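Everything numeric here is computed off the predicted structure, so don't read it as measured data. Just so you know, these numbers use all the heavy atoms, side chains as well, and skip hydrogens, waters and symmetry mates.
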Amino acid sequence: MIKKPGLKLVITAAIAFFLFTLIFTLHRHYTFYSSYDQGIFNQVFWNGSHGRVFQSTLSSQLSTNVVHNGEVPDVYYHRLGQHFTPALLLWLPLYALFPFPATLTVLQLTLVTAAGVVLYILARQYLQPMLAAMITVSFYCANAILGPTLANFHDICQIPLFVFGLLLAMEKRWWWLFWLLAILILAVREDSGIGLFGVGFYLIVSRRYPRIGLAVCTLSFGYILVLTNLIMPLFSEDISQRFMIERFGQYADGDEASTLEIIKGMLTNPWRLLVELFTPFFGTIQYLLGQWLPLAFIPAIAPASWSIAAFPLLKLLLGKGQSVLAINIRYAMTVVPGLFYGAILWWSAHPQFSQAVISARSKFRRFWIFCLTLAVVLTITSSPNRTFYFLLPDSYQPFVYVPLTQQWSRVGSIRSLLAQIPPNASVSATTYLVPHLSGRREVIRLADLQLRNDNGEVVNVDYAIADLWRLQRYQIAFKHDGQRLRSLVNMIDRVTKTNEYGIIGFKDGVILMQKGVASNPEAMAAWLSFRQKLDVSTTGSGLTHLPPKSPNSGEI
């Protein structure tokens with residue numbers, strides 16, 4: 001029996017966090033609410049376990065060659081041109097033992113849970129057990145941790161564990177481990193060096209280890225420049241033609257830009273830089289409050305929090321797009337380690353407050369617990385990544401809600417149709433079916449039907465499957481779903497009329513088509529009946545008269 005209350009609280013919190021996220025993420029996946037990114041990473045791991053490291057048709061479908069140049073996705077596209085993520089190779093042996101999309105979900109939960117444990121050990125270098133435990137509980141309750149952990153698998157889930165481990169190694173002066181973890185942080189993503197640069201900056205300005213800090217800053221900044229300007233372009237032009245433009249195109253003059261050109265654009269346009277930093281003003285304030293909330297706003301007054309977290313935070317504030325200031329999206333996780341380490345140092349520098357907050361009668365402790373409760377409630381009520389779709393409506397006006405019993409009743413129908421697709425067949429599927437079919441060489445998202453195979457030939461996929469009921473259900477509240485529904489219906493009408501594909505299955509609004517076969521009469525009749533209801537449910541214009549949406553745009 002554990003007698004130390006601080007350690008007991010941490011173990012309890014870690015177990016509760018793991019079980020809570022495990023139950024709801026697996027439920028999300030097995031009820032077909034995990035989406036495109038889960039499929040991308042699963043296919044990357046699946047290809048890696050078969051000797052085709054970092055290749056993915058799903059990533060190819062998002063490449064500049066497909067999105068901008070109109071090419072078809074290819075099976076030998078290397079994802080390293082989009083995101084340079086060699087650290088994923090660490091977990092390839094685990095995936096080889098359990099080659100399933102759900103394996104990645106469990107891996108993500110394990111990494112984040114372990115990060116909390118390392119955070120507690122780090123906090124104990126400065127603080128009493130109960131205060132260190134409170135900080136660890138704050139980590140598990142943080143919006144920027146809980147929300148992204150309930151999402152699809154993502155590479156950033158490694159960052160908290162690696163950064164907390166690096167800071168602990170620095171405190172212990174285990175420099176071999178410090179530099180090993182520094183390399184691993186750089187290997188997570190092409191932009192993870194920004195967070196490592198923040199650590200180096202802190203070591204310099206705090207005068208703790210200025211030489212090491214200078215080496216860290218030089219290493220991280222140099223690595224980013226060399227990687228994004230010399231190495232990643234060897235795989236594809238995505239970094240300059242897509243990601244830099246989509247995120248930082250306001251600082252560029254043309255349709256493509258390297259990281260050096262973006263940095264130059266920032267430095268030569270200080271006014272634009274300042275405007276981007278503070279706009280949207282209320283959105284920025286709301287985001288900062290969300291990041292500070294689980295620590296009772298201590299990071300707002302902690303110098304170390306600002307010095308370390310400022311750089312990944314700047315990357316988000318200076319970018320464009322809705323996702324940069326979304327507290328429940330994975331990018332928010334990059335800011336967390338600096339905020340928490342800064343809070344630890346602040347508490348250690350104010351022992352009079354540290355001693356008072358441990359008391360059960362402390363007003364600040366009650367306020368802190370209120371902040372933690374509010375953080376969890378805000379996360380759950382926002383239903384990040386539609387994880388709690390069965391508890392809360394996805395839209396209130398107009399009202400869109402999918403009951404748990406209804407979705408589970410459809411699960412059996414969807415699985416029966418998926419089972420008809422051979423494991424080695426090429427397939428195109430709608431977004432939320434992609435993860436369950438991604439453990440294969442040839443898989444893309446509908447409405448695309450063509451890909452380039454290993455022989456270099458452009459071919460039509462063998463099977464196509466679409467969950468039309470889901471799009472029909474959500475279209476009244478989400479314009480994108482209505483556009484995609486119309487596009488898919490147009491495509492189905494076209495390929496069945498020309499006998500390119502035959503409908504071999506239709507259940508609960510899910511259609512399965514196979515290339516070059518005659519339609520099953522019963523499946524065709526069920527489709528036509530559903531198709532007629534779709535026409536009646538529209539605003540008066542038939543679906544076939546509406547323009548299709550580009551197959552390359554849409555929800556990830």
Side-chain angles (χ1 to χ4, degrees), residues 36-37 40 44 54-86 154-156 186-194 197 220-277 279 311-312 314-325 329-331 334 444-445 448 451-452 549-556:
Y36 202 72
D37 276 359
I40 288 177
V44 167
F54 294 110
Q55 294 183 9
S56 170
T57 52
L58 293 171
S59 288
S60 178
Q61 205 167 9
L62 298 178
S63 67
T64 187
N65 291 341
V66 175
V67 174
H68 297 138
N69 300 334
E71 299 179 14
V72 298
D74 61 69
V75 296
Y76 41 82
Y77 174 85
H78 282 86
R79 188 175 182 270
L80 296 177
Q82 291 180 4
H83 295 296
F84 201 81
T85 56
H154 54 87
D155 37 33
I156 297 176
L186 294 176
V188 170
R189 276 171 59 109
E190 68 282 354
D191 55 358
S192 56
I194 296 174
F197 186 92
S220 55
F221 187 69
Y223 177 81
I224 293 173
L225 292 183
V226 171
L227 180 63
T228 56
N229 289 277
L230 298 178
I231 298 177
M232 292 179 67
L234 296 176
F235 296 97
S236 72
E237 298 299 324
D238 288 288
I239 189 68
S240 60
Q241 295 182 8
R242 265 210 62 205
F243 294 99
M244 285 293 103
I245 295 299
E246 290 176 4
R247 191 64 74 196
F248 302 105
Q250 66 272 37
Y251 306 107
D253 295 326
D255 295 331
E256 64 177 286
S258 66
T259 50
L260 281 172
E261 291 169 330
I262 293 298
I263 293 173
K264 179 182 177 182
M266 290 180 175
L267 296 177
T268 55
N269 292 278
W271 175 248
R272 178 180 297 172
L273 192 74
L274 192 63
V275 170
E276 289 289 339
L277 183 61
T279 56
F311 293 94
L314 277 174
K315 172 182 173 289
L316 298 177
L317 296 181
L318 296 178
K320 62 179 179 178
Q322 296 180 349
S323 63
V324 294
L325 293 181
I329 293 182
R330 59 188 179 274
Y331 307 116
T334 62
I444 54 177
R445 177 165 54 181
D448 283 352
L451 54 80
R452 192 180 302 275
K549 180 177 168 62
S550 169
N552 298 317
S553 58
E555 185 175 358
I556 300 294

Give a yes or no on whether the backbone of [Y] and the side-chain of [X] come within a donor-acceptor separation of less than 3.5 Å.
{"X": "Gln250", "Y": "Leu318", "answer": "yes"}
{"X": "Glu261", "Y": "Ser258", "answer": "yes"}
{"X": "Ser60", "Y": "Asp74", "answer": "yes"}

Give the minimum heavy-atom separation between [X] and [Y], together with the two atoms involved.
{"X": "Val44", "Y": "Ser56", "answer": "CG2-CB, 3.9 Å"}
{"X": "Thr85", "Y": "Leu80", "answer": "N-CD2, 3.7 Å"}
{"X": "Ser59", "Y": "Arg79", "answer": "OG-CD, 3.1 Å"}
{"X": "Met232", "Y": "Gly81", "answer": "CE-O, 3.5 Å"}
{"X": "Gly193", "Y": "Ser220", "answer": "O-CB, 3.3 Å"}
{"X": "Thr228", "Y": "Ile239", "answer": "O-CG2, 3.7 Å"}

Are the side chains of [Y] and [X] in contact, using a 4.5 Å heavy-atom criterion?
{"X": "Ile224", "Y": "Leu227", "answer": "no"}
{"X": "Tyr251", "Y": "Ile263", "answer": "no"}
{"X": "Ile262", "Y": "Met266", "answer": "yes"}
{"X": "Leu451", "Y": "Val72", "answer": "no"}
{"X": "Leu62", "Y": "Arg242", "answer": "yes"}

[atom2] on [Y] to [atom1] on [X], rounded to 0.5 Å:
{"X": "Leu325", "Y": "Leu317", "atom1": "CG", "atom2": "CG", "result": "6.0 Å"}
{"X": "Glu256", "Y": "Ile245", "atom1": "CD", "atom2": "CD1", "result": "7.5 Å"}
{"X": "Thr64", "Y": "Asp255", "atom1": "OG1", "atom2": "CG", "result": "10.0 Å"}

Would Asn229 and Thr259 count as a side-chain contact (heavy atoms from CB on, under 4.5 Å) if you check the C-alpha gap in whole Å, the side-chain angles of each, and the deciding distance to 0.1 Å? CA-CA 7 Å; Asn229 289 277; Thr259 50; 2.6 Å; yes
Mark yes or no: Arg247 above the aromatic ring of Tyr331, with NZ or CZ under 6.0 Å from the six-membered ring centre and no more than 45 degrees from the axis. yes
May I ask you to check if Arg189 and Phe84 form a cation-pi contact, with NZ or CZ under 6.0 angstrom from the six-membered ring centre and within 45° of the axis? no
Would you please say whether a donor-acceptor pair under 3.5 Å links the side chains of Asp238 and Ser236? yes
Within the 3.5 Å criterion, strictly below it, is a donor on Gln241 or His68 matched to an acceptor on the partner's side chain? no
For Tyr77, which of Gln82, Arg452, Gln55, Gln61 qualifies under side chain to side chain donor-acceptor pair (under 3.5 Å)? Gln82
Does Arg330 pair with Asp155 as a salt bridge, N-O distance under 4.0 Å? no
For the pair Leu260 and Leu225, evaluate side-chain contact (heavy atoms from CB on, under 4.5 Å) and give the outcome as yes or no after the intermediate values. CA-CA 7 Å; Leu260 281 172; Leu225 292 183; 3.8 Å; yes
